[in-house]
Every structure is written in structure tokens, then in C-alpha cells.
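Scroll down for the structure; my scribbles are underneath it.
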Amino acid sequence: MKITSSVKGTRDYYPAEMGLRNWLYGKIRSVSRKFGYQEFDGPFLENLELYAAKSGEELVKKQAFVFPDKSGDPITLRPELTPSLARMVAQRIHQLSFPVRWWSFGPFWRYETPQKGRTREFFQWNIDLLGMENPQADAELAAVACEFFRDVALTAREVKLQVNNRRLMDSALEAIGIRGEAVGGTFRLIDKKEKMKQPEWEAHARETGLTVDQVKGLMKILNDLELWKQSRELVEFFDAVQAFGVSEYVEYNPAVIRGLDYYTGTVFEGRDADGEFRALLGGGRYDNLVADVGGGKIPGVGFAMGDVVIGLILKKNGKEPMLRIAPADVLVTTFSAQEATASMEISQSLRAAGIAAEWYPAPDRLPKQLKYADALGIRLAVILGPDEIRQGKATLKDLIRREQATIERADLLKEISKRLVGSPCE
RNA sequence: GUGGCUGUAGCUCAAUUGGCAGAGCGCUGGACUGUGGAUCCAGCUGUUGCGGGUUCAAUCCCCGUCAGCCACCCCA
């Protein structure tokens with residue numbers, strides 16, 4: 001019988017991967033709560049209409065998984081969370097206490113060609129602050145991202161948060177005569193700047209309809225690392241970032257634009273310092289989105305971080321956690337069929353005391369059982385043979401320290417608890 | 001969606017101009033019948049991604065297809 005293959009662009013979560021995913025979730029949860037954010041989630045299925053005018057055109061028309069339901073209505077597997085968030089806020093706008101601070105971690109789907117750092121099914125951390133439009137709120141989200149970097153031990157040398165502002169770019173472009181419909185094309189041009197060689201990029205810029213002077217002007221904008229000082233929003237933003245104590249991670253980058261149409265002000269991206277991977281997180285200010293889904297005018301700012309790229313960056317920098325495969329701290333071995341019952345009873349008495357204990361369910365050779373404990377990273381083994389049973393004792397073996405002692409059974413619990421303090425794994 | 005590279009044991013990879021499909025790691029057993037990681041010995045593991053074609057003969061050449069990766073596009 002042939003094994004049915006998995007769906008393209010999906011991943012299987014074996015216990016090791018599941019452990020990593022849960023570890024990541026734990027870090028995300030901890031940072032989010034530290035800043036006072038509440039966990040929520042939206043449905044995984046949404047009506048296509050929700051995304052129609054608000055997300056990028058590409059995201060909806062080409063990248064969304066859309067299926068007709070039995071009545072023929074187009075149902076979408078959510079490609080992002082922000083429109084759902086905007087709807088949920090719009091629906092309860094009179095009951096919520098603002099500022100609303102919400103976060104979420106869940107699956108999303110995009111129909112794209114899978115590559116490194118990009119899958120069709122992925123998990124994403126979303127965190128948003130709604131109801132405030134001051135730059136200090138933007139800075140808080142930047143601080144959340146940087147605090148997360150710190151919590152997973154990524155340094156400011158390894159990752160950066162690069163910031164820009166749409167309004168600043170709009171006015172800078174307007175100053176060189178680019179306005180209206182030409183702005184979108186120019187934004188895409190800016191996105192390409194880092195990927196293309198200089199003459200190539202200039203030629204491409206001319207093809208999109210820019211004059212020689214405009215290309216020069218655009219170059220000047222992109223090379224001016226002091227440009228942010230002309231933006232009151234960004235000046236206040238950077239002051240607040242300093243107050244939050246995360247300046248080391250945050251820098252101005254005029255080439256950061258973001259593709260999504262709903263961003264209106266500050267935008268930012270998390271990147272690894274070498275620029276080896278695609279953006280590990282992206283977000284910004286969206287002041288019209290709630291109104292666009294039929295709610296009142298509620299400004300918002302937030303970001304999303306996918307699990308795939310952060311996983312690659314953690315791995316590259318040696319910051320993946322040491323995770324144990326087995327949840328049990330103790331393996332109670334089974335010496336022979338005669339001692340099996342006593343072993344089971346001991347394992348249960350450990351559980352009753354709150355210790356995760358695994359009972360080896362067959363009288364296999366002792367070396368095999370100990371190898372099993374070793375392979376799963378179970379630190380302690382209890383050995384209960386005829387000698388121990390006769391004397392009312394038990395042997396406790398510490399697989400890490402390579403030592404063992406035969407002790408009174410009454411002392412077993414105490415000894416185990418003592419040895420489990422300060423375990424090296426998470 | 002377009003173009004390119006790759007696909008061999010559970011994992012990492014070999015295999016001469018087309019000529020019997022191999023190694024390391026891992027796994028199983030033993031050396032060691034009540035003690036794991038080291039060492040040594042032995043053993044197991046294959047529809048060479050899948051389907052077709054050319055050939056006396058295909059892992060190798062050709063076509064198709066699927067998957068991974070790279071670029072474009074876009075983005076977490």
C-alpha cells in the first residue's frame with residue numbers, strides 16, 4: 001500500500017517539531033502578556049469578501065485558498081489575520097475598552113510556490129494595538145518585537161527592526177513630482193532596489209516612467225539615512241523606542257515599504273543582519289482598516305511574525321532550544337514479569353506525587369530499557385529487581401551523572417525530587 | 001503562475017564512456033545472562049520519487065509527472 005503524500009507546502013509536526021512550535025508559542029505568549037496583551041483568535045475560514053478591497057491585490061487574487069461551499073459562496077482559508085481582527089473590533093466597537101491590545105498565534109494559508117522560509121501552511125504570531133494613533137503606540141509594538149528577540153536570545157547584531165513611514169515617503173516622493181497612481185509603482189521599485197545592480201535598477205526605473213531627475217531624486221531619498229528627522233512621527237517614534245530600552249535593535253531604513261495596501265503610517269520589518277532570509281516579521285500602522293470593514297474610525301498598529309523564518313534564524317545563530325523528546329523525568333524499568341506489578345505501582349506513586357513517570361511496558365533486557373531512556377533523554381531510571389524487592393528498596397540511576405544508589409523505597413520520592421532540580425533542558 | 005537545479009537505505013551521501021546498487025551514521029543482536037552513551041564483531045534495511053520511452057542492458061540518456069530548492073512575482 002502506497003503512502004499518500006502530504007499536501008504540497010505543508011509540514012508534518014513530529015514530536016520534535018511540535019516541541020519547537022510549542023516552545024515558540026510559549027515565548028510569544030510570555031512576551032505578549034508581559035506588555036498586557038490579551039489572547040484571541042478569529043475563524044480559520046472567512047468570506048472572500050472580507051479581504052477583497054483591503055489586503056494587497058496579489059494576496060487575495062493569487063495567493064488565497066478559495067473554495068466554493070455547498071451553496072457556491074466563495075470561502076477563504078485565512079491568508080492573514082488583520083482583516084478578521086478589524087471585523088471583530090468593528091462588531092464590538094461599543095463594548096470594548098480602548099486601547100485594545102490583542103495577540104494571536106495560529107495557522108494561515110497562502111497558495112504560493114514553496115521555498116526556503118515560505119510554505120503554504122504556516123503559523124503566525126499577530127499582535128495589535130487599536131484605538132491609539134500616536135507614534136508611541138507604534139513604538140510599543142516595536143518594543144514588543146525587540147523584547148521577543150531578547151527572550152529568544154537573538155542579539156542586536158543578529159537581527160534588526162528596520163523602520164520607515166508611508167506618509168514620509170509619500171511627501172518625499174511628491175517633492176520630486178511622483179504622486180497619485182505613480183506612487184504604488186515607485187514603492188515596488190524601491191522594494192527591488194536591494195535586489196538589483198545599480199545600472200540595472202536605474203534602467204528599470206526609467207522603464208516605469210520616471211524621468212532622469214526623478215531617478216536621481218529617488219536615489220537621494222534612499223541614501224539619506226537622516227530623512228526620518230523630517231518626520232515628526234518618526235522623531236517621536238524613535239524617542240519612545242529609546243524610552244522602551246530597545247534602541248539597539250531599531251534603525252531607520254528608507255527602503256522598507258511593505259506590500260500591503262492598508263498601511264498608512266509607520267511600517268517596519270524584522271530582518272536578520274546578513275539579509276540572508278526574507279523578512280521574519282512585518283507590520284505597521286493601519287488607520288483606516290476598521291472603517292473599511294464597516295466599523296468606526298479606529299486606528300491600529302500591529303505586526304505579524306511567521307514561524308518559518310524565525311525558525312531558520314534561530315537555527316542559523318545556534319539559538320534553538322534544547323528540547324527533550326520525552327515529557328517523563330523518570331523511567332521505571334521492568335525487571336521481569338514477576339516484578340512488573342511492583343514497577344507499575346511505583347510509577348503510579350510517582351505520578352501521584354506530581355512527577356512525570358513512564359513505565360517500561362515489557363520485561364526487556366535492562367540494557368535495552370536504559371538505552372531507551374537515554375535515547376528519549378529521560379534523566380532518571382528506577383530499577384526494581386528481586387534483590388531490591390526483598391529488602392524493600394529501589395535502585396535509582398541518574399543517567400546524566402552516571403551514578404546510582406540503592407535506597408529505601410520511602411526515600412525514593414525525596415531523592416528523585418532532589419535530582420530533578422536544575423534540569424538543563426526546557 | 002513562469003524559468004532553472006536536484007531527487008539513490010530511516011538520515012547524510014557514493015556508484016568510471018550506460019554493465020551485478022555501496023559506505024558512514026542509525027537500528028537489531030552479540031562480546032557483557034542485574035545496568036545506557038565508548039570500543040569491537042555480526043546482521044537488517046532499496047519499486048534508485050513516480051509513470052512511460054530508447055537499449056542486449058538505465059541510478060545514468062529522452063519525455064511526462066510529483067516533491068524540495070533557486071530566481072521572478074509576492075510576502076510571515
Side-chain angles (χ1 to χ4, degrees), chain A residues 1-11 14 24 28 55-64 78-82 104-127 145 187-188 191-192 195-196 204 256-261 263 267-272 276-283 302-313 331 333-336 339 360 363-389 395-406:
Chain A
M1 174 102 164
K2 197 174 161 145
I3 298 172
T4 304
S5 62
S6 53
V7 173
K8 179 175 181 170
T10 62
R11 292 164 293 165
Y14 287 88
L24 189 64
I28 285 167
S55 309
E57 202 143 292
E58 177 85 14
L59 186 63
V60 177
K61 289 195 176 146
K62 292 168 88 174
Q63 297 183 355
R78 62 180 189 182
E80 59 162 338
L81 187 65
T82 309
S104 177
F105 183 76
F108 295 85
W109 296 267
R110 287 183 197 171
Y111 196 84
E112 299 181 279
T113 306
Q115 281 178 39
K116 184 173 298 205
R118 184 207 295 183
T119 56
R120 287 186 173 179
E121 179 179 72
F122 55 95
F123 280 76
Q124 205 179 59
W125 173 28
N126 282 264
I127 183 161
F187 279 171
R188 273 193 295 284
D191 269 338
K192 285 181 188 164
K195 291 181 188 170
M196 297 172 88
H204 181 69
V256 168
I257 290 295
R258 310 294 308 149
L260 294 171
D261 291 343
Y263 290 124
V267 288
F268 52 87
E269 281 183 354
R271 311 217 45 132
D272 75 300
E276 182 183 343
F277 304 107
R278 58 192 75 238
L280 82 121
L281 65 83
F303 69 83
M305 182 187 80
D307 66 317
V308 184
V309 175
I310 185 67
L312 292 171
I313 290 175
L331 178 74
T333 61
T334 296
F335 191 83
S336 74
E339 288 80 20
Y360 194 93
D364 282 343
R365 292 179 57 250
L366 206 47
K368 187 173 176 180
Q369 299 190 40
L370 292 171
K371 264 187 189 172
Y372 172 82
D374 204 40
L376 269 70
I378 300 175
R379 173 163 188 181
L380 301 173
V382 171
I383 298 163
L384 205 65
D387 296 348
E388 285 88 350
I389 288 187
T395 297
L396 180 64
K397 187 177 179 68
D398 188 324
L399 286 284
I400 292 176
R401 292 204 193 154
R402 307 195 66 177
E403 58 192 31
Q404 70 177 56
T406 300

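Computed from a predicted model, the values in this text were never measured in an experiment.
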Sugar-phosphate, base or nothing in reach of S6(A), heavy atoms under 4.0 Å: nothing
Whether R110(A) side chain and P79(A) backbone form a donor-acceptor pair below 3.5 Å: yes
Atom-to-atom span, CZ of R188(A) to P of C73(B) - whole angstrom: 10 Å
Touch class at under 4.0 angstrom, heavy-atom based, for I310(A) against every strand present: nothing
Counterpart residues, side chain to side chain donor-acceptor pair (under 3.5 Å), relative to D374(A) (two or more places apart): none
For nucleotides 68-70 of chain B, tabulate all protein N/O to nucleotide N/O atom pairs closer than 3.5 Å, reporting atom names and distance.
residue, atom, partner, partner atom, Å
G68(B), OP1, G9(A), N, 3.0
C70(B), OP2, K116(A), N, 2.5

Pair of N/O donor and acceptor under 3.5 Å linking U35(B) base with Q404(A) side chain: yes
Per-nucleotide pairing state of RNA chain B [Watson-Crick or G-U, under 3.5 Å; [ ] pseudoknot-crossing; | other strand]: (((((((..((((.....[..)))).(((((.......))))).....(((((..]....))))))))))))....
Sugar-phosphate only, base, or nothing, as touched by R11(A) at under 4.0 Å among non-hydrogen atoms: nothing
By salt bridge (charged side-chain N to carboxylate O under 4.0 Å, His left out) - contacts of D387(A) (at least two apart): R390(A)
Scan the side chains in residues 117-126 of chain A for donor-acceptor partners under 3.5 Å anywhere in the protein, sequence neighbours excluded, and list what turns up.
residue, atom, partner, partner atom, Å
R118(A), NH1, T113(A), O, 3.2
T119(A), OG1, E121(A), O, 2.8
R120(A), NE, E112(A), O, 2.6
R120(A), NH2, E112(A), O, 3.3
E121(A), OE2, W109(A), NE1, 2.9
Q124(A), OE1, N126(A), ND2, 3.1
W125(A), NE1, S32(A), OG, 3.3

Sub-4.5 Å side-chain heavy-atom contact between E339(A) and T334(A): no
From F303(A) atom CZ to L280(A) atom CG, the distance as rounded to the nearest 0.5 Å: 9.5 Å
Nearest-angstrom distance from the residue atom CG of L376(A) to P of G37(B): 16 Å
Between N or O atoms, less than 3.5 Å apart, protein on one side and nucleotides 25-32 of chain B on the other: list the pairs.
residue, atom, partner, partner atom, Å
G30(B), OP2, R365(A), NH1, 3.2

Whole angstrom value for the distance that separates C1' of G37(B) from CZ of R402(A): 6 Å
Options C75(B), G34(B), G36(B), nucleotide nearest the side-chain atoms of L370(A): G36(B)
Sugar-phosphate only, base, or nothing, as touched by E403(A) at under 4.0 Å among non-hydrogen atoms: nothing
Pairwise 5' ranking along RNA chain B for Q124(A) and D398(A), keeping only the more 5' one: D398(A)
Between G1(B) (P) and Q63(A) (CD): distance, integer Å: 13 Å
Of G385(A) and Y263(A), the one whose closest RNA chain B nucleotide lies more 5': G385(A)
Touch class at under 4.0 angstrom, heavy-atom based, for Q369(A) against every strand present: nothing
Phosphate-side-chain proximity, K192(A) and C74(B), N/O vs OP1/OP2 below 4.0 Å: no
